[in-house]
Protein chains: 2
Amino acid sequence: MPFNLLLNNVSRYIHLTDAEKEIFISLLQEKQLKRKQFFLNDGEICKYSAFVTSGCLRGFTVDKNGIEHVLSFAPPDWWMADMYSLISKKPGTLNIEALEDTDIILLSKTNQEKLYLEIPKFERFFRILIENSLVANQQRIVDNLSLTAEERYNIFCKRYPTLINHLPQKQIASYIGVTPEFFSRMRNKH
Amino acid sequence: MPFNLLLNNVSRYIHLTDAEKEIFISLLQEKQLKRKQFFLNDGEICKYSAFVTSGCLRGFTVDKNGIEHVLSFAPPDWWMADMYSLISKKPGTLNIEALEDTDIILLSKTNQEKLYLEIPKFERFFRILIENSLVANQQRIVDNLSLTAEERYNIFCKRYPTLINHLPQKQIASYIGVTPEFFSRMRNKH
DNA sequence: ATCATTTCTTAACCTACATCATCTTTCCCG
DNA sequence: CGGGAAAGATGATGTAGGTTAAGAAATGAT
C-alpha cells in the first residue's frame with residue numbers, strides 16, 4: 001500500500017502501534033502531480049506538508065529580476081513544504097513544482113496539530129526531522145560562504161548521487177548558486 | 001534570579017507548572033565566559049546547548065585557508081550550539097567564542113534527553129525553537145543566492161538592530177559573506 | 001516520427017568582490 | 001593614561017563568476 005514508504009520513514013525515529021498507524025493514516029491524503037504542475041505558488045499560504053513517494057519536487061524562489069533560486073529538491077522519501085508559510089500561516093515566497101510526474105502524501109497543518117495532540121510522539125518525530133534539516137541548511141550556508149562553485153558541485157554530487165542523473169543541469173546550477181552558462185563551462189573545462 | 005530570562009523564553013511556547021520549572025532548573029548549569037574565551041572548539045564534541053543571558057556569542061567555522069566564517073551570533077535570549085555535533089555526537093566544525101564577557105546557562109544533551117522524558121512538553125518547545133531557526137536559515141540561503149552584499153547588509157541591519165552597534169564590522173562582514181575590506185568600502189561609499 | 005520547446009554549449013566581454021599593501025584610528029589592558 | 005594590538009580605511013590590481021548572444025543538442029507532446 002502506498003503509505004508504506006512513509007510509515008517506514010516515521011518508524012526510523014519513533015515506534016507506532018497498529019492503532020496509531022491507523023490514526024496517522026486517517027489524517028493523510030494522497031495526491032498526484034503531473035510534470036511541471038505546481039504544488040504551491042509564492043504568495044499563497046502553505047497549508048500542507050508533502051511527502052514524496054515517487055517522482056521529484058523542487059522548491060524555489062523567484063528574485064526581483066525574475067531569476068529562480070532552488071532552495072531544495074525532494075526525491076522519494078523526503079518531505080517538502082514552505083516552512084515559513086506553514087508555521088506563520090502567512091503568504092510565503094516559495095514555489096513548489098513537480099520536476100516529473102510525482103506522487104505525494106499530504107499532511108495538512110491542521111491535521112499535523114491534531115496528530116501532536118493525539119499521538120505526542122509525533123512531536124519528537126518532527127523535531128528530529130527538522131533538526132536534521134537545520135543541520136543540512138547550516139552546512140549549506142557554511143559551504144556557500146567558504147567554498148568555490150566547483151567545490152560545492154562536488155559536494156552536491158556526493159550528497160545527492162541519485163539526483164545528479166535525472167536532474168536538468170540548470171536546476172543543479174541554481175541550487176549550487178551559479179548561472180547555467182557558468183555551470184556548463186565548469187563541468188566541461190579540462 | 002538568573003533563570004528568569006530563560007523561563008520567560010520557554011513560556012513563550014509552553015506553559016510550565018512551578019514543579020516543572022523546578023525540574024527544568026535542576027537540569028541546568030550556569031557559566032561565565034570572559035571576552036574571547038571559547039565555549040567550543042572545532043574538532044570537539046558539543047555536549048551542551050547554551051542560552052545567553054548577557055553578553056554575546058559568535059559561532060564560526062575556519063576554512064582551509066584559515067579564514068573565519070560566522071554562522072551565527074547569540075545575543076541575550078538566544079540559544080547557541082553546534083547542532084550537527086550535538087545531535088550526531090561526533091566532532092563538529094563549529095567554534096563558539098564570547099565576543100564580550102558573557103553569561104550563559106547550559107543544558108547538557110544528556111539532561112535535554114531527560115527533560116524530554118520527564119516533561120514531554122519540552123519536545124514541543126525545542127521543536128518550535130528549531131522550526132524558527134530553520135526558517136531563518138532557509139531565508140539566509142535564499143538571500144545569499146539572490147541578493148548583493150549591500151542588500152544582505154541592509155537586511156542584517158533591520159533584523160538585528162541591537163547587534164549592529166556593538167559588533168566589530170569584520171564580524172558582520174563575515175556573516176554577510178564579504179571581506180572586511182570590501183565591507184568597509186561598501187559602508188563608506190555613498 | 002516530427003516539430004517545438006527546452007536545455008546545453010561556447011565565446012567575448014563585464015562586474016562585484018577579493019587580495020595585497022600601507023596607513024590611520026580605535027580600543028583595551030596594565 | 002599610555003602603549004600595543006586589533007580594527008578600520010583606502011588605493012591598485014586580480015579573478016570568479018555574470019551577461020549577452022547565438023548555435024547545437026536533447027527532449028517531450030502530438
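Hydrogens, waters and symmetry mates play no part in the numbers below; they use all other heavy atoms, side chains included. Lettering follows sequence order; numbering is per chain, from 1.
Under a 4.0 Å N-O distance rule, the pair B:Glu181/B:Arg185 does not qualify as a salt bridge. Salt bridge status for A:Glu131 with A:Arg127: present, with a side-chain N to carboxylate O gap under 4.0 Å.
At a non-hydrogen distance threshold of 4.0 Å, A:Thr148, A:Ala149, A:Arg152 from residues 141-155 of chain A come into contact with DNA chain D.
Taking CG from A:Asp143 and CZ from A:Arg159, the interatomic distance works out to 6.0 Å, rounded to the nearest 0.5 Å.
Residue A:Met186 contributes atom CE, which lies 16 Å from atom C1' of D:dT15 at whole-angstrom precision. One atom, CZ of A:Phe182, and another, C1' of D:dT19, lie 13 Å apart when rounded to the nearest Å. The distance from atom CZ of B:Phe183 to atom C1' of D:dT10 is 16 Å, rounded to the nearest whole Å. Across the protein-nucleic acid pair, B:His166 atom NE2 and D:dA7 atom P stand 15 Å apart, rounded to whole Å. As rounded to whole Å, 17 Å separates atom P of C:dT24 from atom CD of B:Glu181.
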Below 3.5 Å is the cut-off: list the nitrogen or oxygen pairs between protein and nucleotides 6-8 of chain C, distance only.
| residue | atom | partner | partner atom | Å |
| --- | --- | --- | --- | --- |
| C:dT7 | OP2 | A:Lys170 | NZ | 3.0 |
| C:dC8 | OP1 | A:Gln169 | N | 2.7 |
| C:dC8 | OP2 | A:Gln169 | N | 3.4 |
| C:dC8 | OP2 | A:Lys170 | N | 3.0 |

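When each of A:Tyr175, A:Trp78, A:Trp79, A:Tyr160 is checked for a ring-ring contact (aromatic ring centres under 6.0 Å, His included) with A:Phe73, only A:Tyr175 meets the rule.
Within the 3.5 Å criterion, the main-chain N or O of A:Gly55 finds no donor-acceptor partner in the side chain of A:Thr102.
Judged by distance alone with a 3.5 Å cut-off, no donor-acceptor contact links the side chain of B:Arg185 to the base of D:dG8.
For the pair B:Thr179 and C:dC17, the criterion of a side-chain N or O lying under 4.0 Å from OP1 or OP2 is not met.
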